[in-house]
Amino acid sequence: MYLKIIFIYVFLLFFLHTSHAITETIETPIEISNPIFTTKGINEMPYTIKASSGIQKGDNIELYHIEGKIKNRDNIWIYLNAEKGNYNQISQVVFLYQNIEVYTDNEEILLSDEAIVDIQQDKITLISNVKYENKISTIEADKSVISDDFQNFDYSGSVKTSISNF
């Protein structure tokens, strides 16, 4: 009988402790209106990411109607727009989804379905249905990686290039 009471007591303590530990790890989502994140990248160039709204769950923030801007070492502003995204505050990585548009003051534009902006690595990866346009050329690709402060563009997958005369 003593053994049965001790077993029930230990079981209840274990159950209550586990229940309390699980409750502590579940984080309540926090709605954020007009979140803005400003920081500097690897080369101390400024980055700003803002959204019309967000939902924070721990270190991740789901963002809606995103606008971003990045200044490269040639003092050219690079702008980002997307319908949805997810920003991780620890890794400083932004995943963008739906209607992604990246454009510059130099009249360059990139479109994609999905993108990853890695602020710490100073890199933008456009994941699918990539289209680049400027005054004289158009490039379509499955994927593109933009690095070195928006100076290096790598295209991969099925790549099509069209160059027009002035």
Side-chain angles (χ1 to χ4, degrees), residues 27-166:
E27 297 177 12
T28 304
I30 301 169
E31 290 186 42
I32 303 169
S33 182
N34 302 314
I36 298 175
F37 308 96
T38 303
T39 188
K40 291 189 178 186
I42 197 166
N43 295 327
E44 297 298 313
M45 303 311 286
Y47 284 80
T48 299
I49 298 168
K50 63 182 181 176
S52 64
S53 63
I55 299 173
Q56 183 170 1
K57 297 176 184 173
D59 295 324
N60 292 310
I61 303 174
E62 293 176 34
L63 301 171
Y64 302 94
H65 307 288
I66 302 159
E67 295 178 10
K69 67 180 188 176
I70 305 163
K71 192 176 208 179
N72 74 6
R73 66 176 166 241
D74 295 331
N75 290 320
I76 296 171
W77 283 102
I78 297 110
Y79 303 94
L80 302 163
N81 291 326
E83 293 295 317
K84 290 175 33 176
N86 188 318
Y87 176 60
N88 183 287
Q89 295 177 331
I90 301 296
S91 66
Q92 292 190 349
V93 172
V94 182
F95 294 94
L96 300 173
Y97 310 98
Q98 297 180 356
N99 301 321
I100 296 150
E101 182 180 63
V102 179
Y103 57 97
T104 71
D105 287 336
N106 284 347
E107 298 182 29
E108 299 169 295
I109 187 167
L110 285 125
L111 305 171
S112 183
D113 293 335
E114 297 177 281
I116 300 170
V117 180
D118 188 331
I119 296 169
Q120 292 298 319
Q121 297 295 316
D122 195 25
K123 181 167 63 170
I124 299 172
T125 304
L126 302 165
I127 298 173
S128 62
N129 294 323
V130 177
K131 185 174 183 180
Y132 168 85
E133 291 181 3
N134 67 12
K135 293 178 184 177
I136 61 168
S137 65
T138 301
I139 301 171
E140 294 180 21
D142 293 332
K143 180 179 177 181
S144 179
V145 177
I146 305 164
S147 58
D148 297 327
D149 213 11
F150 219 74
Q151 301 297 313
N152 187 28
F153 292 71
D154 291 324
Y155 296 95
S156 61
S158 176
V159 180
K160 298 176 190 175
T161 304
S162 173
I163 300 173
S164 62
N165 294 332
F166 281 24

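Any value given below was found using the heavy atoms of this structure, including those in side chains, with hydrogens, waters and symmetry copies removed.
Atom CG in Leu80 sits 9.0 Å away from atom CD1 in Ile66 (nearest 0.5 Å). Note that CD1 of Ile78 is 12.0 Å distant from OH of Tyr103, once rounded to the nearest 0.5 Å. To the nearest 0.5 angstrom, Ile146 atom CD1 is 6.5 Å from Tyr155 atom OH. The distance from the CG atom of Leu63 to the NZ atom of Lys84 is 11.5 Å, given to the nearest 0.5 Å. Distance CD/Glu107 to CD1/Ile136: 12.5 Å, rounded to 0.5 Å. Between Ile124 atom CD1 and Leu96 atom CG the span is 8.5 Å, to the nearest 0.5 Å.
With sequence neighbours excluded, no residue forms a ring-ring contact (aromatic ring centres under 6.0 Å, His included) with Tyr64.
At least one donor-acceptor pair closer than 3.5 Å links the side chain of Ser144 to the backbone N or O of Asp154. Although no hydrogens or angles enter the test, the distance criterion places a donor-acceptor pair under 3.5 Å between the side chain of Asp142 and the main chain of Ser158. In terms of modelled atom types and a separation under 3.5 Å, the side chain of Ser53 and the main chain of Ser33 share no donor-acceptor contact. Gln56 places a side-chain N or O within donor-acceptor distance of the main-chain N or O of Gly58, the cut-off being under 3.5 Å.
In terms of heavy atoms, Ser52 sits closest to Pro35 at C-CD, 4.3 Å. Annotation for Ala141 and Val159: closest pair CB-CG2, 3.9 Å, computed over non-hydrogen atoms.
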Listed pairs under 3.5 Å, donor-acceptor, residues 108-118 side chains, sequence neighbours left out:
residue: Glu108; atom: OE1; partner: Thr104; partner atom: OG1; Å: 3.1
residue: Glu108; atom: OE2; partner: Tyr132; partner atom: OH; Å: 2.8
residue: Ser112; atom: OG; partner: Glu114; partner atom: N; Å: 3.4
residue: Ser112; atom: OG; partner: Glu114; partner atom: O; Å: 2.9
residue: Ser112; atom: OG; partner: Ser128; partner atom: O; Å: 2.8
residue: Asp113; atom: OD2; partner: Asn129; partner atom: ND2; Å: 2.2
residue: Asp118; atom: OD1; partner: Gln120; partner atom: N; Å: 3.2
residue: Asp118; atom: OD1; partner: Gln121; partner atom: N; Å: 3.0

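Asn81 places a side-chain heavy atom less than 4.5 Å from the side chain of Glu67. Looking only at side-chain heavy atoms (C-beta outward), Lys50 and Asn34 stay at 4.5 Å or farther from each other.
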Please assess Gln92 against Tyr87 for the test side-chain contact (heavy atoms from CB on, under 4.5 Å), listing each intermediate value before the final yes or no. CA-CA 7 Å; Gln92 292 190 349; Tyr87 176 60; 3.8 Å; yes
